2 protein chains.
Amino acid sequence: MTATAGSDGRPATISDVALLAGVSVPTVSRVLTGSARVTPGKQDQVERAIAQLGFRPNPAARQLSSRAAGAIGVLTADTSIHGYAETIRGIEEEARANGTAILITVIESAEEERVEQAVEAVLSHPLDGVIALKFDPAGVAALRRLPRSLPVVALAGARDHSRSQVLLAEKEAGRALTAMLLDLGHRTVHHVRIPSSSRNSGRAAGWRRALQDAGRAVPPPLDTGWDPRDAVRLGRLMALDDQVTAVFCGNDEIAMGVMRGLIDGGRRVPDDVSVVGFDDHPLAPLWTPSLTTARQDFAALGRLGVRLLREQLAGGGRVCRSLEPSLVLRASASPPRSG
Amino acid sequence: MTATAGSDGRPATISDVALLAGVSVPTVSRVLTGSARVTPGKQDQVERAIAQLGFRPNPAARQLSSRAAGAIGVLTADTSIHGYAETIRGIEEEARANGTAILITVIESAEEERVEQAVEAVLSHPLDGVIALKFDPAGVAALRRLPRSLPVVALAGARDHSRSQVLLAEKEAGRALTAMLLDLGHRTVHHVRIPSSSRNSGRAAGWRRALQDAGRAVPPPLDTGWDPRDAVRLGRLMALDDQVTAVFCGNDEIAMGVMRGLIDGGRRVPDDVSVVGFDDHPLAPLWTPSLTTARQDFAALGRLGVRLLREQLAGGGRVCRSLEPSLVLRASASPPRSG
DNA sequence: ATGAAAGCGCTAACAC
DNA sequence: GTGTTAGCGCTTTCAT
């Protein structure tokens with residue numbers, strides 16, 4: 001039971017196996033791929049030889065002649081942000097169930113050079129197709145540079161008719177969350193906006209819509225990056241403003257930061273200020289007070305994306321699907337103190 | 001400016017480029033790889049032809065003849081757990097800086113079949129080497145099945161002299177955290193244990209050591225999985241026991257769950273019960289009360305892992321490096337109420 | 001500096 | 001069923 005062929009350290013090849021098994025190379029290939037039947041006796045000898053040599057088919061050679069990579073590329077921004085991480089988890093899960101691996105490339109920023117680099121990286125590997133997370137401008141830019149000939153599916157972001165896509169229907173949830181706050185008696189609802197693929201993400205659009213529907217002024221949204229520590233600063237700032245009694249945050253991690261800042265600034269949540277988030281982060285129910293939010297099934301987004309890509313590879317056309325978030329009412333939103 | 005060669009949809013090959021540029025195939029290869037100088041004039045024609053045809057070298061063919069994949073495999077458990085996610089982020093970052101992509105395969109559990117499947121998946125792709133996260137039993141099992149001939153580095157877990165490895169020196173931090181609690185006046189410190197590569201993770205060993213050093217009885221550790229909701233249940237249970245005044249949790253997310261359970265059970269943190277975590281999760285400083293913990297630089301772990309792999313690929317030998325966590329004292333630990 | 005020829009390790013096409 | 005013959009699209013000798 002040796003792992004090498006002959007005396008040298010060179011890995012065994014299919015012809016080593018053929019030689020040892022006393023059959024031809026294509027016969028070995030046949031038992032490898034199961035593409036045709038082989039006499040049980042030879043089948044056995046081949047399997048024995050494979051085991052004895054510790055033979056593994058060379059993936060590159062295999063792909064060069066068969067044209068299937070068995071891998072899909074994933075283009076994404078920072079993988080440690082909850083929504084991205086969960087989506088990737090879903091992609092990996094579904095891909096693996098299908099015997100497919102995923103090759104991840106992070107787009108560091110929306111700068112031309114970074115985007116180009118990420119796309120280059122993806123295209124320089126043997127891939128059957130690509131899934132691009134289009135939560136942010138970097139994803140949008142990358143998507144634009146992907147060759148038309150490559151099977152691609154876009155996840156989230158604005159509708160793009162030129163490719164298969166899974167949409168996140170966030171607008172209605174954003175509207176409902178805001179309307180709920182208004183119904184509670186708040187005069188207006190402030191919004192802390194996270195980076196998004198377009199000027200207004202679905203959630204922000206829903207927020208705006210709810211305020212307009214209720215005939216309220218729309219306060220200028222506050223912008224933040226992904227780091228919750230930035231949100232703490234914004235929370236401290238908002239603590240200074242008595243007009244702020246309800247805040248709709250772009251996501252749960254930002255909401256947690258804002259709550260912290262508000263509390264640092266001497267305000268109580270939800271007694272003085274109500275705070276709601278978006279996405280339903282796993283820690284949202286554990287927070288004190290537990291966080292009211294809209295649940296997004298990012299893992300399902302990822303899984304669905306892989307399925308659409310698979311359909312496309314099987315010759316299907318461009319498809320568009322949509323996923324709806326659901327409201328999760330918890331303790332961080334309540335009526336304003338004095339109305 | 002067409003993206004295809006000829007009238008069919010077939011992607012352009014190097015010989016299409018050679019034909020159009022009026023040079024030989026190897027010459028095109030030379031400008032592609034920069035392996036040898038080419039007359040500026042021809043260089044120009046070749047580049048023009050490449051652009052005109054939208055030519056991209058076929059990665060599989062390239063790899064078959066040159067033997068470098070430009071990708072490394074990553075074997076990991078659930079990617080959405082903080083420590084794993086951050087480590088992967090570090091790996092990706094360092095790999096990308098080096099023009100290398102990462103192919104991620106998740107090991108679903110430590111079951112033989114799952115492990116085998118994950119290893120198969122990794123080996124069936126063109127890879128220069130593999131980095132395995134050895135935080136848990138699944139990682140350990142996978143590592144054992146990886147062929148000796150493949151360049152591999154192990155991240156975290158118990159020392160394994162047969163491969164390059166980056167160790168997390170958690171024992172001392174676990175000891176210090178526990179000793180700190182004891183110094184505060186707590187009679188003993190309870191431990192909630194997360195899954196780990198060996199029966200006792202470094203952090204748990206440090207906890208045990210501190211108690212033994214202080215001559216205290218070692219209470220049986222409580223076991224939990226990764227889901228913070230399980231920790232909430234444990235917290236509720238612990239709230240019932242007056243003997244519990246200090247809890248050292250296997251990681252921060254678990255600590256947050258335990259705190260929630262404790263509070264649900266009517267105990268105050270840290271007034272009635274002190275709780276400390278491990279890892280310094282990004283939300284740890286934002287929690288109420290802010291969480292005392294030991295900071296681990298998982299991203300550095302990942303980056304270092306890639307560097308060791310690179311050294312190995314360049315012909316270097318097996319190396320072992322170690323990373324030390326640092327204590328972060330915040331508000332969740334305080335002296336016990338009555339001493 | 002450049003082209004002709006060989007070969008990377010496998011699968012596909014075609015005889016038998 | 002099985003072996004023989006051709007490639008897949010590149011890089012790498014090796015002449016020139």
Side-chain angles (χ1 to χ4, degrees), chain A residues 4-6 8-47 49-50 53-70 123-128 149, chain B residues 4-6 8-47 49-50 53-70 123-128 149:
Chain A
T4 58
D8 52 358
R10 169 181 63 83
T13 70
I14 194 171
S15 61
D16 295 326
V17 175
L19 208 66
L20 181 61
V23 300
S24 72
V25 166
T27 296
V28 176
S29 176
R30 281 168 195 128
V31 347
L32 246 28
T33 61
S35 61
R37 250 211 300 283
V38 169
T39 316
K42 303 210 166 185
Q43 166 108 14
D44 224 64
Q45 296 166 48
V46 169
E47 274 161 0
I50 286 174
L53 296 172
F55 165 78
R56 312 199 63 92
N58 177 319
R62 199 160 217 187
Q63 200 214 320
L64 185 56
S65 41
S66 75
R67 333 236 57 173
L123 296 180
S124 65
H125 291 271
L127 259 25
D128 295 325
S149 53
Chain B
T4 58
D8 52 359
R10 169 180 64 85
T13 70
I14 195 172
S15 61
D16 295 325
V17 175
L19 209 66
L20 182 60
V23 300
S24 73
V25 166
T27 296
V28 176
S29 176
R30 281 167 195 127
V31 347
L32 245 30
T33 61
S35 61
R37 249 210 300 285
V38 168
T39 315
K42 302 208 166 186
Q43 167 109 16
D44 224 63
Q45 296 166 46
V46 169
E47 275 162 359
I50 287 175
L53 295 172
F55 166 77
R56 312 199 62 93
N58 176 319
R62 196 159 219 188
Q63 200 213 320
L64 184 56
S65 38
S66 75
R67 331 236 62 184
L123 296 180
S124 65
H125 291 272
L127 258 25
D128 294 325
S149 54

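By convention in this document, chain letters (A, B, ...) are assigned in the order of the sequence lines, proteins followed by strands, and residues within each chain are numbered from 1. Fair warning: this is a prediction, and the values are worked out from it, not measured in the lab.
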Heavy atoms, side chains only, cut-off 4.5 Å: are Leu32(A) and Ile50(A) in contact?
yes
Contact under 4.0 Å: Ser29(B) side-chain N or O vs dC10(D) OP1/OP2:
no
Side chain to side chain donor-acceptor pair (under 3.5 Å) partners of residues 56-68 of chain B, not counting sequence neighbours, each pair once:
Glu120(A)-Arg56(B)
Does a side-chain N or O of Thr27(B) approach OP1 or OP2 of dG3(C) to a distance below 4.0 Å, or not?
yes
For dT2(D) and Thr39(A) - does any side-chain N or O of the residue sit under 4.0 Å from the phosphate oxygens OP1/OP2?
yes
On a heavy-atom basis, which atom in Gly70(A) and which in His125(B) lie closest, and how many Å separate them?
O-CE1, 2.9 Å
Could you list the protein-to-nucleotides 13-16 of chain C atom pairs, N/O on both sides, closer than 3.5 Å?
from, atom 1, to, atom 2, distance (Å)
dA13(C), N6, Arg30(A), NH2, 3.3

Mind checking if Thr33(A) touches a base, just sugar-phosphate, or nothing, with heavy atoms under 4.0 Å?
sugar-phosphate
Whole angstrom value for the distance that separates C1' of dG7(D) from CD of Gln63(A)
16 Å
Minimum heavy-atom separation for Asp128(A) to Ala69(A), with atom names?
OD1-N, 2.8 Å
Short heteroatom pairs, N/O only, protein and nucleotides 6-9 of chain C, under 3.5 Å:
from, atom 1, to, atom 2, distance (Å)
dG9(C), N2, Ala61(A), O, 3.4

Measure the spacing between CD of Gln43(B) and CZ of Arg37(B) and express it to the nearest 0.5 Å.
10.5 Å
Can you name the closest pair of heavy atoms from Ser29(A) and Ile14(A) and give their distance?
N-CD1, 3.8 Å
For Ala61(A) versus Leu64(B), what's the shortest heavy-atom pair and its separation?
CB-CD1, 3.6 Å
With DNA chain C as reference, determine whether Val38(B) or Val25(A) sits nearer its 5' end, using the nearest nucleotide of each.
Val38(B)
Is there a side-chain contact between Pro59(A) and Pro126(B) (heavy atoms, below 4.5 Å)?
yes
